[in-house]
Amino acid sequence: MPRRIHSKTRSATDQKSEGVLPPLIKIRKRPGYAAQAGRPSTTPAPVQSRRRRWRVKAALALGGAYALAAAWYLWTRLAPQERAVEIATLARLTDQPGQELFPSLSPDTKFMAYSAGGHVFLQRIGEKSPIDLTKDSTSRNWQPAFSPDGRRLAFRSERDGGGIFVMPVTGASVRRLTDFGYNPAWSPDAKEIVCATETFLNPESRVTSGSSLWAVNVSTGERRQVTKPQTIEDAVQPNWSPHGHRIAHWSVQTGHPSIWTVSASGGDPAPVAQDDHLNWNPVWSSDGRYLYFASDRGPEMELWRVRIDEQSGRPLGAPVPVIREPGFGGFISLGSDGRQIAYVQSLRSANLHKIEFDPSREAVVGQPSAITEGTRLVFGPDLSSDGQWFAFFSWGKSEDIFLLGADGKTPRRLYDGKPHRSRWPRWSPDGKRIAFHSDRSGRNQIWTVHPDGSDFRQLTDSTEPVILPVWSPDGRFLAYSSRTRSFIMEVGRPWNEQIPRSLPPWSEPGGRFEAFSWSPDGRKLAGHLQPGPAGTDDTSGIVTYSLPDQTYQRLTNAGSFPAWLSDSRRLLFSHEDKILVADTTSGMFREILSSTPPIVFGLSRDDRLIYFTRISVETDIWLATLK
């Protein structure tokens with residue numbers, strides 16, 4: 001990872017000292033100066049004038065004292081959430097190749113647990129010799145969380161079907177706690193662990209909204225549901241408040257990722273940061289007075305905090321920035337004294353590449369070549385039927401729709417929807433319209449636009465968010481997905497006249513089908529599986545759906561982003577850093593292209609060109625110490 005050079009100290013606005021109020025001025029009555037009631041004053045005029053001036057000065061002094069008192073009250077009572085936070089030092093804790101994520105500081109801030117390369121590591125702060133606590137596991141292990149006494153770690157593992165596991169900090173005697181769940185967080189008394197039924201790798205790309213929170217008894221394994229769909233439609237990455245009153249989480253149920261808290265015993269949520277920004281990763285301070293969270297409300301992704309009432313979850317002021325370092329990537333952990341904050345610094349790139357493909361031999365030809373270069377994050381590319389233009393969306397804070405010449409030149413912003421997010425543009429078969437999903441109307445819905453940027457139309461007005469438009473080969477229909485299942489609608493019919501066709505739920509427990517590609521013969525949809533609710537096995541893989549038979553066929557147990565070849569029998573799909581080809585008749589599949597960074601790809605209409613976004617992410621863990 002490139003070395004970042006900067007000062008280890010950082011200035012901020014000077015903090016004002018809390019002054020001491022002067023004693024209130026007492027006005028004493030002097031003999032002979034006060035007129036008796038109902039009788040004219042006998043005080044001489046010069047004396048009356050001097051007395052008036054004295055009274056004016058006294059009133060001004062008294063008013064000044066009250067003004068100082070009011071200012072002192074506002075400063076001590078209201079200003080703390082408005083003060084800038086100063087950082088004393090910054091130190092990089094890890095420098096391994098690849099990604100180090102999910103840091104968890106021990107209560108005494110002497111150790112840190114984190115995940116990297118599918119393993120959970122323990123490292124003493126200030127040293128560079130981490131211990132692999134899961135070295136004997138061949139499955140992925142991640143998302144560690146220290147217990148309040150610092151003796152145990154809870155973590156997510158994919159071993160034996162996946163779930164939440166608990167182990168001593170020595171790494172011995174690993175014990176399964178649940179067969180589901182992500183992002184475990186301990187209750188302050190260590191009797192329960194709360195977890196979510198869904199997770200994410202990038203908050204910017206999370207669009208599903210059906211996760212719930214469950215609390216599990218660490219001793220007995222007994223579970224209880226904290227959030228229910230009728231009150232909280234979505235909740236991920238929970239964090240328990242230090243006195244056990246509330247659980248903070250974030251959600252995409254309102255379109256934009258937002259911060260909420262809920263009573264630890266369940267109930268209605270209380271909003272903390274619900275606006276047009278990407279707000280995620282809430283973490284309580286050790287005294288319960290603040291809630292820290294990551295947000296792009298500034299120029300880039302930064303760490304913010306808001307003063308909060310722990311019992312009610314009510315914010316007591318406006319958020320203020322805490323860490324405004326380049327590449328701040330969230331995944332924060334706070335030390336018990338409130339001064340140490342571990343976080344991830346991330347350097348990302350996502351550029352478009354292409355490579356020739358021979359469908360008869362099912363083999364790539366030559367080497368990949370870059371179409372784009374630079375810092376813009378190119379995501380979800382789709383090539384027009386004439387092969388002249390790519391449509392893509394820019395991944396990040398400003399998620400807009402772009403057009404790009406097939407040669408990588410003349411990029412053009414088709415839709416600048418800031419602060420809204422628009423994703424997954426798809427060319428219509430005749431090249432006259434581009435469908436995409438966007439939250440510009442409040443929640444994700446399906447829209448279309450002409451390639452010249454004119455005639456925006458909202459096609460769906462669903463009561464729940466819908467995503468991923470997929471054109472039928474004749475352009476008459478669009479498939480799309482909600483958080484529960486996929487649907488098919490007629491493109492030319494107004495929404496109030498629509499009766500969208502609902503695809504049946506996935507036939508096996510533990511997942512839901514998201515359509516992604518329509519076969520050229522119009523008879524099948526290909527898609528991938530998303531995880532199901534708590535208590536069921538997590539599932540993934542490539543699945544096809546036969547429209548005439550109304551039946552599903554599972555092809556693989558892993559993978560995403562399938563794309564049909566023109567024979568409507570084979571398809572390509574990606575898994576981690578590979579592209580593979582699958583035969584839906586024989587059920588066989590094999591790898592055709594491998595790239596070190598993960599890839600998201602597309603296929604030209606004649607099957608002769610594979611284009612893909614090569615995503616490269618390098619992350620390290622840093623420690624900020626506050627003044």
Side-chain angles (χ1 to χ4, degrees), residues 81-82 200 202-211 232-237 248-261 269-283 291-308 313-324 328-330 332 346 348 376-377 379-380 392-402 413-425 436-447 449 453 456-458 460-468 482-483:
Q81 72 269 20
E82 299 174 359
F200 63 96
N202 191 323
E204 297 164 340
S205 60
R206 184 170 185 266
V207 292
T208 55
S209 57
S211 178
I232 304 175
E233 297 178 5
D234 181 55
V236 293
Q237 205 175 15
H249 61 273
W250 66 278
S251 165
V252 294
Q253 66 186 42
T254 58
H256 289 280
S258 52
I259 304 294
W260 303 76
T261 69
V272 177
Q274 185 182 5
D275 45 42
D276 291 335
H277 304 290
L278 194 165
N279 307 296
W280 63 289
N281 197 183
V283 175
L291 193 65
Y292 290 75
F293 62 96
S295 177
D296 64 357
R297 61 190 55 236
E300 300 294 339
M301 187 65 67
E302 300 164 341
L303 180 63
W304 294 69
R305 79 176 185 185
V306 63
R307 196 178 179 102
I308 193 170
R314 181 173 59 90
L316 301 178
V320 297
V322 179
I323 296 177
R324 314 191 83 164
F328 172 81
I332 61 173
S346 177
R348 298 182 297 175
R376 178 179 288 131
L377 301 176
F379 209 75
F392 69 90
F393 72 92
S394 57
W395 182 30
K397 180 176 181 179
S398 180
E399 295 185 358
D400 306 323
I401 304 297
F402 286 82
R413 191 190 303 267
L414 186 62
Y415 172 58
D416 184 359
K418 188 178 179 180
H420 304 295
R421 288 180 165 82
S422 303
R423 297 173 174 172
W424 294 105
F436 60 98
H437 73 251
S438 175
D439 62 359
R440 59 182 293 180
S441 61
R443 61 169 60 92
N444 280 319
Q445 299 293 329
I446 306 300
W447 294 70
V449 63
F456 280 92
R457 295 184 187 179
Q458 182 177 344
T460 65
D461 191 17
S462 173
T463 57
E464 60 180 350
V466 296
I467 59 173
L468 296 176
S482 73
R483 66 173 178 269

Min side-chain heavy-atom separation L303-Y292 under 4.5 Å: yes
Heavy-atom side-chain proximity of P465 to R483 below 4.5 angstrom: yes
Min side-chain heavy-atom separation R324-P299 under 4.5 Å: yes
Cation-aromatic face contact R206/W280, 6.0 Å, 45 degrees: no
Minimum heavy-atom distance between S441 and W447, given as atom pair plus value: CB-CZ2, 3.9 Å
Flag side-chain contact, heavy atom, 4.5 Å: I467 against W424: no
Exercise: identify the closest heavy-atom pair between P425 and G380: CD-O, 4.0 Å
Heavy-atom check, side chain of L316 versus side chain of I308, under 4.5 Å: no
Minimum side-chain heavy-atom gap V466-H437 below 4.5 Å: no
Trace of the side-chain contact (heavy atoms from CB on, under 4.5 Å) decision for F393 with S422: CA-CA 7 Å; F393 72 92; S422 303; over 6 Å; no
Pairwise distance CD1(I259) to CH2(W250) - rounded to 0.5 angstrom: 8.0 Å
R348 side chain near N202 side chain, heavy-atom distance below 4.5 Å: yes
CG-CD1 distance between N281 and I332, expressed to the nearest 0.5 angstrom: 4.5 Å
Separation between CZ of F379 and CD of E399, rounded to the nearest 0.5 Å: 9.5 Å
Backbone N/O of H277 and side chain of D296: donor-acceptor pair under 3.5 Å: no
W304 six-ring centre to R297 NZ/CZ under 6.0 Å and within 45° of normal: yes
Spacing of E300 atom CD and S295 atom OG [to the nearest 0.5 Å]: 12.0 Å
Point-to-point distance, once rounded to the nearest 0.5 Å, from CZ of F436 to CZ of F456: 5.0 Å
Non-hydrogen atoms of P257 and L278 that approach each other most closely: CG-CG, 3.9 Å
Side chain S251, main chain D234, donor-acceptor under 3.5 Å: yes
T261: side-chain hydrogen bond (donor to acceptor under 3.5 Å, both in side chains) partners, not counting sequence neighbours: R246
H249 versus I232, closest heavy-atom pair with distance: NE2-CG2, 4.0 Å
Residues S438, R440; criterion side-chain hydrogen bond (donor to acceptor under 3.5 Å, both in side chains); working and verdict: CA-CA 5 Å; S438 175; R440 59 182 293 180; 5.2 Å; no
Donor-acceptor pair, side chain of T460 and main chain of Q445, under 3.5 angstrom: no
salt_bridge(D439, R421) N-O dist < 4.0 Å: no
Spacing of F392 atom CZ and L377 atom CG [to the nearest 0.5 Å]: 10.0 Å
Check: V283 and L291 side chains under 4.5 Å, non-hydrogen atoms: no
Closest approach of V272 to G313 (non-hydrogen atoms, all atoms of both residues): CG2-O, 4.0 Å
Shortest non-hydrogen contact between F293 and P282, atoms and distance: CB-CA, 4.1 Å
